[in-house]
Amino acid sequence: MMSDRLHLSPRHQRLLVELVRKHLPNVEVWVYGSRVNGRSHDGSDLDLALRGPGLEKIPHELLMDFEEAVRESTIPFLVEARDWARLPERFHREIEREYVVLV
């Protein structure tokens with residue numbers, strides 16, 4: 001589900017979805033932070049919350065593979081991917097206030 005609230009080009013959205021499906025199948029990805037709340041610019045970081053099946057921790061190897069694939073892609077800005085299960089509860093509450101489901 002894409003949203004007009006997401007400040008991200010369609011090309012970069014498609015590329016990110018492809019990378020998630022390849023490296024993190026069955027993981028739901030929420031975008032939060034400046035690219036959702038309207039305070040971003042073209043070079044802003046992209047903040048992702050990765051929600052594994054059953055909200056269990058995602059294996060480190062999968063996270064590292066995904067992060068490496070993103071770094072090696074043509075995405076021209078920093079992508080900060082965080083495993084939901086490893087974030088403190090206060091971060092959950094903050095993210096839940098305003099997010100967009102990427103995939």
Side-chain angles (χ1 to χ4, degrees):
M1 170 179 73
M2 299 298 172
S3 168
D4 293 339
R5 292 185 316 144
L6 181 56
H7 180 212
L8 189 62
S9 75
R11 175 172 56 108
H12 292 137
Q13 287 181 12
R14 283 191 304 274
L15 180 54
L16 273 168
V17 168
E18 287 173 19
L19 292 172
V20 168
R21 287 186 175 144
K22 179 178 180 183
H23 296 280
L24 298 171
N26 306 314
V27 170
E28 184 178 50
V29 179
W30 290 5
V31 181
Y32 65 97
S34 66
R35 287 188 179 264
V36 173
N37 66 26
R39 293 192 288 270
S40 68
H41 52 81
D42 288 341
S44 291
D45 293 0
L46 178 68
D47 297 305
L48 304 178
L50 308 175
R51 294 166 52 92
L55 299 181
E56 295 296 319
K57 288 183 180 176
I58 299 167
H60 277 292
E61 309 79 53
L62 293 179
L63 294 171
M64 289 170 42
D65 287 349
F66 173 70
E67 290 171 355
E68 183 178 347
V70 170
R71 277 194 305 274
E72 292 176 354
S73 76
T74 58
I75 295 171
F77 44 80
L78 184 64
V79 176
E80 294 282 347
R82 305 270 188 257
D83 185 352
W84 182 265
R86 291 182 168 89
L87 288 172
E89 187 64 35
R90 61 183 162 66
F91 278 44
H92 291 183
R93 289 192 300 275
E94 183 69 28
I95 293 166
E96 287 169 337
R97 280 192 213 134
E98 193 168 19
Y99 66 91
V100 171
V101 178
L102 181 69
V103 61

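When a residue number appears, it is its place in the shown sequence, counting from 1. Every heavy atom of this structure was used, including side-chain atoms; hydrogens, water molecules and symmetry mates were not.
Closest of all the heavy-atom pairs between Leu87 and His92 is O-NE2, 3.4 Å. In terms of heavy atoms, Asp42 sits closest to Phe77 at O-CD2, 4.0 Å.
Cluster annotation: Val17 and Leu24 are assigned to the same hydrophobic cluster (Ile/Leu/Val/Met/Phe/Trp/Tyr, side-chain heavy-atom contacts under 4.5 Å, transitive).
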Considering only distance and modelled atom types, tabulate donor-acceptor pairs under 3.5 Å from the side chains of residues 43-54, sequence neighbours left out.
| unit_1 | atom_1 | unit_2 | atom_2 | d |
| --- | --- | --- | --- | --- |
| Ser44 | OG | His41 | N | 2.8 |
| Ser44 | OG | His41 | O | 3.2 |
| Arg51 | NE | Glu28 | OE1 | 3.3 |

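The distance from atom CD of Gln13 to atom CD of Glu18, rounded to the nearest 0.5 Å, is 12.0 Å. Separating the CG atom in Leu78 from the CZ atom in Arg71 is a distance of 9.5 Å, to the nearest 0.5 Å. Arg14 CZ to Leu16 CG: the interatomic distance, rounded to the nearest 0.5 Å, is 11.5 Å.
For the pairing with Phe66, the side-chain contact (heavy atoms from CB on, under 4.5 Å) check across Val20, Ile58, Val27 returns one residue only, Val20.
Residues Leu6 and Val36 meet the side-chain proximity criterion, which asks for heavy atoms closer than 4.5 Å.
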Stepwise side chain to side chain contact (heavy atoms under 4.5 Å, CB included) test for Trp30 and Glu96: CA-CA 9 Å; Trp30 290 5; Glu96 287 169 337; 4.0 Å; yes
Full working for side chain to side chain contact (heavy atoms under 4.5 Å, CB included) between Ile95 and Trp84: CA-CA 10 Å; Ile95 293 166; Trp84 182 265; 3.9 Å; yes
Trace of the side chain to side chain contact (heavy atoms under 4.5 Å, CB included) decision for Leu8 with Val31: CA-CA 10 Å; Leu8 189 62; Val31 181; 5.7 Å; no
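Glu56 meets the side chain to side chain donor-acceptor pair (under 3.5 Å) test with no other residue; sequence neighbours excluded. Shown here are the side chain to side chain donor-acceptor pair (under 3.5 Å) partners of Asp83, two or more places apart in sequence or in another chain: Arg86.
Looking only at distances, no side-chain donor or acceptor of His7 sits under 3.5 Å from a matching main-chain atom of Ser34. Between the side chain of Arg5 and the backbone N or O of Tyr99, at least one donor-acceptor pair lies under 3.5 Å.
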